[in-house]
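This report concerns only the one structure given below.
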There are 2 protein chains.
Amino acid sequence: MRNVVAQIGDKWSLLILFALVDGADRFNALKSRVEGISQRMLTQTLRDLEREGYVNRTVYPEVPVKVEYALTTMGKDLVKPLYKLVSWADEHQDEINRARKEYDENR
Amino acid sequence: MRNVVAQIGDKWSLLILFALVDGADRFNALKSRVEGISQRMLTQTLRDLEREGYVNRTVYPEVPVKVEYALTTMGKDLVKPLYKLVSWADEHQDEINRARKEYDENR
DNA sequence: CAGTATCCTAGCAGATACTG
DNA sequence: CAGTATCTGCTAGGATACTG
């Protein structure tokens, strides 16, 4: 039950998945769009997402090499329930902030 | 955007939230039901969930003290999109396993 | 361009002992 | 019963340097 959430609940997976929603993108383009991510973490997280079957990697043997990442069919499908969660979060942002504030004030 | 997923994407939050779906529960009862969790992590995760406003804590001043944890209205609401995600995970379990296996075999 | 390879550190989380 | 407190190993992840 925890598998998927454990997998995409890390620091970067979600951001990468959503960065790929609009279409395939190249490594360095992704690096720019996913603010704050290091090269190391981008590579590693992409490999993980690829391994899970959410992302596929295409190498174009040009010089210099061009590598594109895109959501797989399953990846696109996964994004749907994730959207629900994200919009839930959006809608409840204020409520959560209030809860936090109140909690913190009482100790 | 990452806030909620970061919050409940840790090792135990999801399991605790789902353990509370059927109704309020006491500390040690939860500890039994959430298999493998340490006392330390149960306390800590419950505090976090309380801080976010997903769980509330009620102390009954008996001797010995009795403490009950329950989902708040917002907590119950959060569980809905989480269910979507969990059932998605369920449905795609095999596909993910296949993807992993294939990935691992090719390197 | 798209990565490895190393080094390094903060903090997550387990185990254990103690307490109102 | 429902927690704290403390010690500690481990690993996620940042910074940096290098490469086909």
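Labels below follow one simple rule: chain letters A, B, ... track the order of the sequence lines, proteins then strands, and each chain is numbered from 1.
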Just one of Lys101(A), Arg100(A), Arg98(A) clears the salt bridge (Lys or Arg N to Asp or Glu O under 4.0 Å) bar with Glu52(B), so which one?
Arg100(A)
Quick check for you: name the first and last nucleotides of DNA chain C, 5' to 3', having an atom under 4.0 Å from a heavy atom of chain B.
dA13(C) to dA15(C)
Can you pull the salt bridge (Lys or Arg N to Asp or Glu O under 4.0 Å) pairs that have at least one residue in residues 62-71 of chain B, sequence neighbours excluded?
none
With sequence neighbours excluded, residues passing salt bridge (Lys or Arg N to Asp or Glu O under 4.0 Å) with Asp104(B):
Arg51(A)
Can you find a side-chain donor-acceptor pair between Ser13(B) and Asp10(B) that sits under 3.5 Å?
yes
Those residues that, when tested against Thr43(A), pass side-chain contact (heavy atoms from CB on, under 4.5 Å) (two or more places apart)
Phe27(A), Arg47(A)
Test side chain to side chain donor-acceptor pair (under 3.5 Å) applied to Lys76(B) - qualifying residues, sequence neighbours left out:
none
Residue pairs passing the salt bridge (Lys or Arg N to Asp or Glu O under 4.0 Å) test where at least one lies in residues 12-27 of chain A, sequence neighbours excluded:
Asp22(A)-Arg33(A), Asp25(A)-Arg33(A)
To the nearest 0.5 Å, tell me how far Ile16(B) CD1 sits from Leu49(B) CG.
6.0 Å
From Leu78(A) atom CG to Leu14(A) atom CG, the distance as rounded to the nearest 0.5 Å:
8.5 Å
All side-chain contact (heavy atoms from CB on, under 4.5 Å) counterparts of Thr73(A), not counting sequence neighbours:
none
DNA chain D in dot-bracket, Watson-Crick or G-U pairs under 3.5 Å, [ ] crossing, | other strand?
||||||||||||||||||||
Taking only residues at least two apart or on different chains, which pairs with a member in residues 68-107 of chain B satisfy ring-ring contact (aromatic ring centres under 6.0 Å, His included)?
Phe18(B)-Tyr83(B), Trp88(B)-His92(B)
Using a heavy-atom distance cut-off of less than 4.0 Å, which residues of residues 26-44 of chain B contact DNA chain D?
Arg26(B), Phe27(B), Asn28(B), Gln39(B), Arg40(B), Thr43(B)
Proximity to DNA chain D (any heavy atom under 4.0 Å), residues of residues 53-64 of chain B only:
Arg57(B), Pro64(B)
Those residues at least two apart in sequence (or on a different chain) that pass salt bridge (Lys or Arg N to Asp or Glu O under 4.0 Å) with Lys80(B) are Asp77(B)
